[in-house]
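The structure displayed is predicted, hence computed values, not measured ones. Sequence positions, counted from 1, serve as the residue numbers for this chain.
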Amino acid sequence: MKAQTNKKTTMSVFQMAIMTTIAVASLRSLPAMAVEGWASIVMYLVPAVLFLVPTALVGAELGTTYQGGIYVWVREAFGNRFGFVAVWLQWIQNVVWYPIQLAFVAAAIAFTIGQGDLSNSGLYTGIIVIAVYWLATFLALCGGNLFAKIGSIGGLVGTLIPAGILIVLGALWLGTGQTIATPFSGGGALIPPITGVASLVLLVSNVLSYAGMEMNAVHAGDMADPRKGFTKAMLIAFVLILGMFILPTLSIVIAVPASQLGLANGIMVAFQTFFDTFHVGWMSNVVAGAIAFGALSSVVTWVMGPSRGVMDAARTGLLPPALQKQNKKGVQIGILIPQGVIVTLLALIYVLVPNVSDVFLAMIGMAAALYVVMYILMFAAAMVLRRKEPNVKRGYKVPILTCIASVGLIACVLAFVMSFFPTADETAFSQALYPLVVAVVVAVLGVPPFIFYACRKPKWDMRKEEETQASTS
């Protein structure tokens, strides 16, 4: 008799590529960039060269060499404390981000049912944010690669296809001789207007439009051949991300005046403009539904990635046992449930204080500063590990690693510094108060991992003996 083997559910290159694409590229951000007109091309390309390229290349080397994501990468270079800090920063920034992404889902659902005005209701938005988030959490708790299937299908249906439709609609707009909302006025139109520090802040801080390339590296071990497969997935995702950002944005630029593009519902307004012009207005509802599904899929993907990284760190004794609990599927219920409670409390802001949107969005931008610190640790770890462990077999080696990682690191340092300055349209806080508020947010959200590390106890280490040997070998 042949010995029976346990079949491991593997993740395909396509699933990893699509999950990474939707983790980075969001249709929600397109209208905000379309407001910049043709200069949006440069505003996409500059951060792509300075940040996306280094992140993709460095992430491919680290992900195919050290399985476990940002926690393992930084831990191997700088020790367990900073590994924990890195994965904590990745996690907490996304916990604060969920209500904003889900508010976009709420707006898309409102347009799907033909009630676009609901997107301006704080009560409606809060209810949808809470309901949809807990649905995403339930799907994550089901374990297996269900979240990967949902992420890849949702990314295709709700992100890639709508982006492709926008590109086609833009071409039809030009081909049928429709009025160009923002005419191209020569090479000067491609140059972003730099009128002061606020303009530089907008350009440099746009690096975070490409954040998330590394997030799914925690799942590289679930691929049949991580060394080859993960590298291919990163290459495919890189091409898709650039195409999804630039081309659909230009379609919006030529068809929709900047004054009509709102923050939460701007992408639906763009589709409605196109479809009404071509006398197929009913398609707006269909596409809005697809976008809602795609945005939900991105949340499902993010719910699993960073929280799993935090659990990996927690099991080494960095968090109390209550936060290390796993369900029968091996899913980190001890992290996901508290995470859901935090998101629910944040979502109540929409219900209780609907007029604090400016302040809330400012806080999200401030929390993003913490994410930049995580990337600084990642780029530094890549350079240290290349020198510290030069003989380790790498599935992919970044050419001139020091140069490429240094470019990404410098871009992140600049983005972090710029996060202490408000953009031109930031009205939530005064110019003098803004840096102080940023410092407070960074401290409140960034200090806890140091406190947990200082308070750790031997009994918190929940690893089995073989796990402990593996992590110390």
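Put simply, CD1 on Ile252 and CG on Leu169 are 10.5 Å apart, with the number rounded to the nearest 0.5 Å. The OH atom of Tyr71 sits 14.5 Å away from atom CH2 of Trp88, with the distance rounded to the nearest 0.5 Å. Remark: Leu370 CG to Gln93 CD distance equals 8.0 Å, nearest 0.5 Å. Of the inter-residue distances, the one linking Ile128 atom CD1 with Ile109 atom CD1 reads 4.5 Å to the nearest 0.5 angstrom. Of the inter-residue distances, the one linking Gln90 atom CD with Tyr375 atom OH reads 7.0 Å to the nearest 0.5 angstrom. With rounding to the nearest 0.5 Å, the separation of CE in Met378 from CG in Leu62 is 6.5 Å.
For Phe78, the side-chain contact (heavy atoms from CB on, under 4.5 Å) test picks out Val74, Phe82, Ala380, Ala381, Val384, with sequence neighbours left out. Here Val72 pairs with Tyr66, Arg75, Glu76 under the side-chain contact (heavy atoms from CB on, under 4.5 Å) rule; sequence neighbours left out. In terms of the side chain to side chain donor-acceptor pair (under 3.5 Å) criterion, residue partners of Thr344 (sequence neighbours excluded) are, by chain and number, Trp134. By the salt bridge (Lys or Arg N to Asp or Glu O under 4.0 Å) test, Arg386 is found to be paired with Glu61, residues two or more places apart in sequence or in another chain being considered. Listed by chain and number, the residues in a side chain to side chain donor-acceptor pair (under 3.5 Å) with Ser307 are Gln332 (sequence neighbours excluded). Contacts of Leu45 classified as side-chain contact (heavy atoms from CB on, under 4.5 Å), with partners at least two apart in sequence or in another chain: Ile41, Ile246. For Leu247, the side-chain contact (heavy atoms from CB on, under 4.5 Å) partners at least two apart in sequence or on another chain are Ile167. Take Phe271 and apply the ring-ring contact (aromatic ring centres under 6.0 Å, His included) test, not counting sequence neighbours, and it matches Phe275. When the ring-ring contact (aromatic ring centres under 6.0 Å, His included) test is applied to Tyr210, the partners found at least two apart in sequence or on another chain are Phe245. With sequence neighbours left out, the side chain to side chain donor-acceptor pair (under 3.5 Å) criterion links Gln339 to Trp91, Tyr133.
Taking each heavy atom of Met244 and Ala163 in turn, the nearest pair found is CG-CB, 4.1 Å. Across all their heavy atoms, Thr273 and Ala255 have their closest contact at CG2-O, 4.0 Å. Contact between Ala140 and Leu336 at its shortest, heavy atoms only, is CB-CD1, 4.2 Å. Taking every heavy atom of both residues into account, Gln272 and Ser284 meet most closely at CA-OG, 3.3 Å. Considering every non-hydrogen atom in both Pro257 and Ala181, the closest pair reads N-CB, 3.7 Å. Shortest non-hydrogen contact noted between Ala48 and Leu242 is CB-CD2, 3.8 Å.
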Decide side chain to side chain contact (heavy atoms under 4.5 Å, CB included) for Phe51 and Val46; before the verdict, give the C-alpha distance in whole Å, the side-chain angles of both, and the deciding distance to 0.1 Å.
CA-CA 8 Å; Phe51 181 75; Val46 170; over 6 Å; no
Kindly determine whether Phe238 and Val53 satisfy side chain to side chain contact (heavy atoms under 4.5 Å, CB included), including the steps that lead there.
CA-CA 8 Å; Phe238 174 79; Val53 171; 3.7 Å; yes
Set out, in order, the CA-CA distance, both residues' side-chain angles and the distance that settles side chain to side chain contact (heavy atoms under 4.5 Å, CB included) for Ile18 and Leu240, then state yes or no.
CA-CA 9 Å; Ile18 298 301; Leu240 289 175; 4.2 Å; yes
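When side chains are defined from C-beta on, Val310 counts as touching Leu319, because their heavy atoms get closer than 4.5 Å. Using a 4.5 Å cut-off on side-chain heavy atoms (C-beta onward), Pro47 and Leu52 make no contact. Looking at heavy atoms from C-beta onward, Leu166 lies in side-chain contact with Phe274 at the 4.5 angstrom threshold. Using a 4.5 Å heavy-atom threshold, the side chains of Trp173 and Ile180 count as touching. Between Thr55 and Phe379 there is a side-chain heavy-atom pair separated by less than 4.5 Å. In this structure, Thr159 and Thr21 have side chains that are not in contact, with every pair of non-hydrogen atoms separated by 4.5 Å or more. Side-chain atoms of Trp38 and Ile254, non-hydrogen and from C-beta on, do get closer than 4.5 Å to each other. Residues Val269 and Pro31 form no side-chain contact, since every pair of their non-hydrogen atoms from C-beta on lies 4.5 Å or further apart.
Remark: Arg456 qualifies as a cation-pi partner of Tyr453 under the 6.0 Å distance and 45° angle criteria applied to the six-membered ring.
Residue Lys388 qualifies as enclosed at atom NZ: its count of foreign heavy atoms under 6.0 Å is above 12.
Annotation: side-chain hydrogen bond (donor to acceptor under 3.5 Å, both in side chains) contacts involving residues 233-254, sequence neighbours excluded, comprise Tyr44-Thr249.
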